[in-house]
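Residue numbers start from 1 in every chain, and the chains themselves are labelled A, B, ... in the order their sequence lines are given, proteins ahead of strands. The analysis underlying the following values was restricted to heavy atoms, covering all of them including side chains, and did not include hydrogens, waters or symmetry mates.
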Number of protein chains: 2
Amino acid sequence: MLNSYTKEDKVMLAIDCIIFGFDEEGLKILLIKRDFEPERGKWSLIGGFLKVNETLDEAASRILYTLTGVHDIYMEQFYTYSEIDRDPVERTLSVSYYALIDIERHNEELIENYNASWHSIAEVPKLIFDHDKMLDKGLKRLRRRTSIVPIGFNLLPEKFTMLQLQKLYEAILDKPLDKRNFINKINSMDILIKLNEKDMSSSTKGSFLYMFDGEKYNAKLTDNFYLKL
Amino acid sequence: MLNSYTKEDKVMLAIDCIIFGFDEEGLKILLIKRDFEPERGKWSLIGGFLKVNETLDEAASRILYTLTGVHDIYMEQFYTYSEIDRDPVERTLSVSYYALIDIERHNEELIENYNASWHSIAEVPKLIFDHDKMLDKGLKRLRRRTSIVPIGFNLLPEKFTMLQLQKLYEAILDKPLDKRNFINKINSMDILIKLNEKDMSSSTKGSFLYMFDGEKYNAKLTDNFYLKL
DNA sequence: TCAAAAGTGTTTATAATACACCCATGG
DNA sequence: CCATGGGTGTATTATAAACACTTTTGA
């Protein structure tokens, strides 16, 4: 009759998050510059350690909140890294997540306090440890996911134009898309609400604003509904 | 100047493996009947604990070898589970893997010693802890992967007939496939070697045997080659 | 000679892609 | 009145799906 596994080894578990954001310039990630050793001054994903009384999702949410001041960020766990010497300080495994955030909706102050900044996905500096590998895998996962399920909306403000949405998908998939084909495809999915409101900042004519319709989307999920762009 | 993270919590990490096999009856998984508490007599995935000096892949390989006597089994990590009470004995996280094995190529004795047995995917009993959830996610992942990349060959003996291959894909994807469309698709991928050898056990006419051509496949991987069934 | 599985192409339907012009308005 | 981005539809191509008969040979 066992009531503990005390003979078994224990290890430290880190959580590292790729925080994706999107603006006019394209797809970006949030990085922090380490101000402690080892690797002081190098760039790093946002991370932290798992506490014994929380789940991985809770830890990831906590870490995201600490840095951005935002709750309920969309996120997904994607791989657990375990190379023996991946962290030179001490044996540590890392569970990696990616998160999608509306880039306008975070606490600037916090980010400054933490020495964090946004970097275009095309110009990411060398990262510490195995964070390059994480980014690579996380980005691939994001691409695959967004072309199957419309999670991309999490990167946009609540109201957005069709062109913004198209630019977002172009940024994620890293390829140009045809305007008419894109709009036809999106409309055929029937998961957007067209508002009686226009964004006048971009042109004289103004362009209609849309919202993501979570209810319609959830209703469709029951079938084998999916998006392919 | 830090040279340890000693203040941080440590946890135990289990590795649980879904071992897939395939025979005339269809897709199967290998389960063990627990002969210790808690949950004695219930069915469980094959698992073990991470040791402090090995990677997760090494631990998974070790666990697979212990039970099957086979090295170099195809496997893939797919998710890390961390609910606080997922294991009632003690706080334990579990990194889950699925593995694909030629069902004829394992050590029967070992399997018997461990109280293990094969179960058709359609008739899996209730499993302990969160192993049902793992199986569900692992199976979905296998389905998605096999319809993109031809990993299914790992479930077959070295030489196999077209019909066997088709049955395998039907079992994994859980839907009937059209014989001619299937053969055309497979042939168009050009990753099989047709042998001058026939399997005479299944019919009077006999059917040609094929082998998977790993080299051709790897050569194609460089492009954006993929299989869709 | 017949039962049982092997092998083989074409037609149809659906999905993806390519492509160009008019519209509305503020300055 | 014109410059700027907004908005719209059709034709073509590529891919997927449906479909049935002939071949072989051991019993």
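Spacing between atom NZ of Lys194(B) and atom C1' of dT8(C) amounts to 10 Å, rounded to whole angstrom units. Rounded to whole Å, the distance from NZ on Lys185(A) to C1' on dT8(D) is 18 Å. Remark: P of dA16(C) and CD1 of Ile186(A) are 13 Å apart, rounded to the nearest angstrom. Remark: P of dG6(D) and CG of Leu165(A) are 13 Å apart, rounded to the nearest angstrom.
In the helix from dT1(C)-dA27(D) to dG27(C)-dC1(D), the end axes, each obtained as the rotation axis mapping the C1' atoms of four pairs onto the next four within a five-pair block, lie 10° apart to the nearest 10 degrees.
Taking 4.5 Å as the limit, some side-chain heavy atom of Ile172(B) sits within range of a side-chain heavy atom of Arg143(B).
Residue contacts for Leu163(B): at a heavy-atom cut-off of 4.0 Å it reaches the sugar-phosphate backbone alone, with no base atom in range.
Residue Asn181(A) places no side-chain atom within donor-acceptor reach of the base of dA16(C), judged by atom type and a 3.5 Å distance cut-off alone. Residue Arg180(A) places a side-chain atom within donor-acceptor reach of the base of dA20(C), judged by atom type and a 3.5 Å distance cut-off alone.
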| Which is it for Asp16(B) and Ser96(B) under the side-chain hydrogen bond (donor to acceptor under 3.5 Å, both in side chains) test, yes or no, and what are the steps along the way? | CA-CA 5 Å; Asp16(B) 287 301; Ser96(B) 50; over 6 Å; no
| message | If you apply the rule ring pair (Phe, Tyr, Trp, His ring centres under 6.0 Å), what do you find for His119(A) with Trp43(A), and how did you get there? | response | CA-CA 11 Å; His119(A) 296 253; Trp43(A) 294 96; 4.4 Å; yes
| task | Please report the C-alpha distance between Asp57(B) and Tyr97(B) in whole Å, then the side-chain angles of each, then the deciding distance to 0.1 Å, and finally whether the side-chain hydrogen bond (donor to acceptor under 3.5 Å, both in side chains) criterion is met. | result | CA-CA 9 Å; Asp57(B) 282 2; Tyr97(B) 279 75; 2.5 Å; yes
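Interface residues of residues 196-208 of chain B facing DNA chain D, ordered by number: Thr204(B), Lys205(B); criterion, heavy-atom separation under 4.0 Å.
Remark: of the listed residues Leu139(B), Val124(B), Ile19(B), Val124(B) is the sole one forming a side-chain contact (heavy atoms from CB on, under 4.5 Å) with Ile29(B).
Taking the ring centre of Phe208(B) as origin, the terminal cationic atom of Lys194(B) falls inside the region bounded by 6.0 Å and 45° from the ring axis.
Considering only side-chain atoms of Lys179(B), the nucleotide from dG7(C), dG7(D), dG9(C) that sits closest is dG7(C).
Taking the six-membered ring for Trp and thresholds of 30 and 60 degrees, Tyr65(A) and His71(A) have nearly parallel ring planes, at less than 30 degrees apart.
Here Glu170(A) does not pair with Lys175(A) in a salt bridge; the nearest charged N to carboxylate O distance is not below 4.0 Å.
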